[in-house]
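A short write-up of the structure that comes next.
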Number of protein chains: 2
Amino acid sequence: MAKERIALTKFETEVMSVLWRLGEASVREVQDAIERAEPPAYTTVQTIVQRLEQKGAVRRTRKAGNALYFEPAITRKSVYRRLVDELIDLIGGSQPLVAHLVETGKLSLDDLKAIEKAAKRSAK
Amino acid sequence: MAKERIALTKFETEVMSVLWRLGEASVREVQDAIERAEPPAYTTVQTIVQRLEQKGAVRRTRKAGNALYFEPAITRKSVYRRLVDELIDLIGGSQPLVAHLVETGKLSLDDLKAIEKAAKRSAK
DNA sequence: ACCGCGCTACTACAACTGTAGTATGCGCGC
DNA sequence: GCGCGCATACTACAGTTGTAGTAGCGCGGT
């Protein structure tokens with residue numbers, strides 16, 4: 001399987017989000033950056049980062065003192081594509097998904113218009 | 001936790017989709033209705049249905065011969081809300097989600113307009 | 001009443017996911 | 001050079017999720 005199709009767990013995706021935002025980070029920095037009411041233990045985050053490395057989703061960049069630094073080896077877009085595709089499969093289409101967003105107030109008419117404008121610009 | 005907030009696994013959601021579509025079904029009917037290249041065993045589906053019953057997501061309606069019949073005890077909308085909420089949390093907002101749909105061609109401008117119209121109608 | 005078929009209840013397991021400890025080693029400061 | 005602190009590598013476990021078998025029961029047909 002190509003790297004772009006890597007399946008990530010929820011926690012792995014959370015860790016990737018931190019790395020996409022910071023560009024590169026150590027395990028300790030990832031742990032500190034995770035926004036949770038109760039942060040996971042250092043070794044919990046370390047296990048997840050190592051699994052991501054084994055999956056080819058991150059790679060080591062450098063060492064500072066004893067700490068290893070990691071950076072993403074896959075793109076946010078590729079991970080999001082897979083997540084969204086799976087949700088669409090489960091829900092039965094993208095229209096039901098967006099209609100649901102509008103119905104529940106998670107997406108306003110103004111949001112829709114903004115996206116429409118952006119889409120038109122890209123199509124040109 | 002109220003029933004409306006029940007967390008379902010992927011396979012459980014698949015089974016619920018069948019029940020929402022059929023209204024009510026036996027384990028065998030659910031198994032037959034699951035569209036997979038390789039259908040799961042009867043006892044696999046039975047386990048999932050029993051777990052859904054334990055979660056309060058389905059309930060028994062009647063018996064025909066030896067077969068028990070089940071119907072949904074939660075709404076499609078409530079399950080979808082949870083799934084979408086979780087994805088939005090992971091992705092960081094609904095705008096990135098919809099923009100992603102448009103970028104990847106899963107949602108066209110026409111689709112957007114149709115949803116906009118429907119949203120306007122509901123707002124009146 | 002009996003038999004066969006199909007269903008349920010019960011049981012168990014493998015892989016996954018998140019959890020987190022401990023021993024050891026490395027790097028930094030004194 | 002040594003000691004301390006922090007990091008890594010390694011290890012292990014609990015609960016979840018999907019998988020699916022078997023014994024026994026009940027229903028329907030003869």
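The structure presented is a predicted model; accordingly, all values stated were derived computationally and were not measured. So that the names make sense, note that chain A is the first sequence line, chain B the second, and so on, each numbered from 1.
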By salt bridge (charged side-chain N to carboxylate O under 4.0 Å, His left out), which residues pair with [X], not counting sequence neighbours?
X: Lys113(B); value: Glu116(A)
X: Arg28(B); value: none
X: Asp89(B); value: none
X: Arg21(A); value: none

Exercise for the section: Establish, with yes or no, whether the OP1 or OP2 oxygen of dA9(D) is under 4.0 angstrom from a side-chain nitrogen or oxygen of Arg60(A). Expected result: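 Result: yes.
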Between [atom2] on [N] and [atom1] on [X], what's the gap in Å once rounded to a whole number?
X: Gln54(A); N: dA15(C); atom1: CD; atom2: C1'; answer: 15 Å
X: Glu38(B); N: dG18(D); atom1: CD; atom2: P; answer: 16 Å
X: Phe11(A); N: dT17(C); atom1: CZ; atom2: P; answer: 13 Å
X: Phe70(B); N: dA9(C); atom1: CZ; atom2: C1'; answer: 11 Å
X: Leu68(B); N: dC27(D); atom1: CG; atom2: P; answer: 11 Å
X: Lys10(A); N: dT16(D); atom1: NZ; atom2: C1'; answer: 14 Å
X: Leu90(A); N: dT17(D); atom1: CG; atom2: P; answer: 14 Å

Side chain to side chain donor-acceptor pair (under 3.5 Å) with [X]: which residues, sequence neighbours excluded?
X: Gln50(A); answer: none
X: Lys77(A); answer: Glu103(B)
X: Gln46(B); answer: none

Handout entry: All side chain to side chain contact (heavy atoms under 4.5 Å, CB included) counterparts of Ala41(B), not counting sequence neighbours
Key =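 Result, side chain to side chain contact (heavy atoms under 4.5 Å, CB included) vs Ala41(B): Thr43(B), Thr44(B).
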Handout entry: side chain to side chain contact (heavy atoms under 4.5 Å, CB included) involving Arg76(B) - partner list, sequence neighbours excluded
Key =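 With neighbours one apart ignored, the set is Trp20(B), Tyr80(B).
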Practice task
Could you tell me whether Arg51(B) and Glu12(B) make a salt bridge, using a distance below 4.0 angstrom between a side-chain N and a carboxylate O?
Solution key: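 Answer for the salt bridge query: no.
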Fill in the blank from the handout: In 5'-to-3' order, the base (B), backbone-only (S) or no-contact (-) status of each nucleotide in nucleotides 23-30 of chain C, using a 4.0 angstrom heavy-atom cut-off, is --BBSS--
Handout entry: Name of the residue among Asp85(B), Leu83(B), Val79(B) meeting side chain to side chain contact (heavy atoms under 4.5 Å, CB included) with Arg81(B)
Key =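 Going through the options one by one, the only one that passes is Asp85(B).
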Dump every N/O contact between nucleotides 10-12 of chain C and the protein below 3.5 Å, one line per pair.
none

Handout entry: Minimum-distance nucleotide to Thr44(B) side chain [options: dT19(C), dT17(D), dG18(D)]
Key =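 The answer is dG18(D), which lies nearest to the side chain.
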Exercise for the section: With a 4.0 Å heavy-atom cut-off, tell me which residues in residues 12-36 of chain A come close to DNA chain C, sorted by residue number. Expected result: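 Contacting residues: Arg36(A).
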